[in-house]
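Working notes, structure below.
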Amino acid sequence: MTSSPRRLVVGMSGSSAPQLGIKLLEVLHQLRTVETHLVLTEGAKLTIKLETSHDPDAVATLADVVHDNNNLAAAISSGSFLTMGMVVVPCSMRSLASIAAGTSTDLLTRAADVTLKERRPLILVTRETPLSLIHLRNMETVTLAGGTILPPMPAFYHHPESIDDLLAQTTGKVLDQFRIEHELFRRWD
Ligand SMILES: Cc1cc2nc3c(=O)[nH]c(=O)nc-3n(C[C@H](O)[C@H](O)[C@H](O)COP(=O)(O)O)c2cc1C
């Protein structure tokens, strides 16, 4: 068995804080050690337009490969396409629900379903507050299926001074999940 190629599937769905997905793509673009496969939902394109000064097409240029969310024949739709896993950042409650239900109705949720069935790391940076019982149960379902719920929750032990410091912290926590080395925050020692 050969080791998995250093390819990471990055999904962005339509929750607030698309800056989190953009920050991850920027960091991976600079690192150049991981091939990124990006899929944006229509919701993500809308929140990028409404909440950032970026254009969704410009965000897409940060990825090595961009997949259309309607293209269920894309490489990341198949378990035979080897990857390190997938992160959905940010992850809306709609995408979380679809992943928990295993509906696979678009490429993002199909790729997440594939990641779970192949027992690869699936990290969901879920953003909503407060959380309903439905949200919590969907998070439990994904967790029991092997996924990781990683909400963007800031710590203050390293004295963040800017929004970018907070984005860097969550991005570093995501990279830690894939054992990708970084210096985005100072570790507690
Ligand atoms: C500006 C804006 C902010 C939103 N923020 C959130 C959010 O923080 N969390 C969430 O679950 N949905 C949020 N939504 C709603 C989702 O975009 C909506 O449920 C959408 O259907 C998600 O679809 P997707 O998961 O396919 O992107 C937001 C919508 C807009 C327009």
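Residue numbers run from 1 in the order of the sequence given. Remember, it's 1-based here, ligands and their atoms both numbered in the order they're listed.
- The protein heavy atom nearest to atom 24 (P) of ligand 1 is R94 NE, 3.5 Å.
- A salt bridge does not link R137 with E140: every distance from a Lys NZ or Arg NE/NH1/NH2 to an Asp or Glu carboxylate oxygen is 4.0 Å or more.
- Residue T47 approaches ligand 1 through these ligand atoms, each under 4.0 Å from one of its heavy atoms: 2 (C), 3 (C), 30 (C).
- Between the side chains of H158 and Q169, at least one donor N or O sits under 3.5 Å from an acceptor N or O.
- Remark: the E161 side chain and the H159 side chain contain no N/O donor-acceptor pair separated by less than 3.5 Å.
- Judged purely by distance below 3.5 Å, without hydrogens or angles, the side chains of E128 and S15 never pair a donor atom with an acceptor atom.
- Of all the atoms in ligand 1, the ones that sit under 4.0 Å from a non-hydrogen atom of S95 are 24 (P), 25 (O), 26 (O).
- Per-residue contacts place G43 under 4.0 angstrom from the following atoms of ligand 1 (heavy atoms of the residue considered): 27 (O).
- Counting heavy atoms of neighbouring residues, nucleotides and ligands inside a 6.0 Å radius, atom CD1 of I163 does not exceed 12 of them.
- Shown in contact with S15 at under 4.0 Å from a heavy atom are these atoms of ligand 1, numbered in order with element: 5 (N), 6 (C), 7 (C), 8 (O), 9 (N), 10 (C), 13 (C).
- For ligand 1, the atoms closer than 4.0 angstrom to any heavy atom of S16 are 4 (C), 5 (N), 6 (C), 7 (C), 8 (O).
- Of all the atoms in ligand 1, the ones that sit under 4.0 Å from a non-hydrogen atom of T41 are 24 (P), 26 (O), 27 (O).
- Scanning the protein heavy atoms around atom 9 (N) of ligand 1, the nearest turns out to be R127 O, 2.8 Å.
- Ranking protein heavy atoms by distance to atom 16 (C) of ligand 1, first place goes to G14 O, 3.1 Å.
- Nearest protein heavy-atom contact of atom 1 (C) of ligand 1 is E51 OE2, 3.5 Å.
- The shortest contact between atom 10 (C) of ligand 1 and any protein heavy atom is with E128 OE2, 3.5 Å.
- The contact set between ligand 1 and M93, taken as ligand atoms under 4.0 Å from a residue heavy atom, comprises 10 (C), 11 (O).
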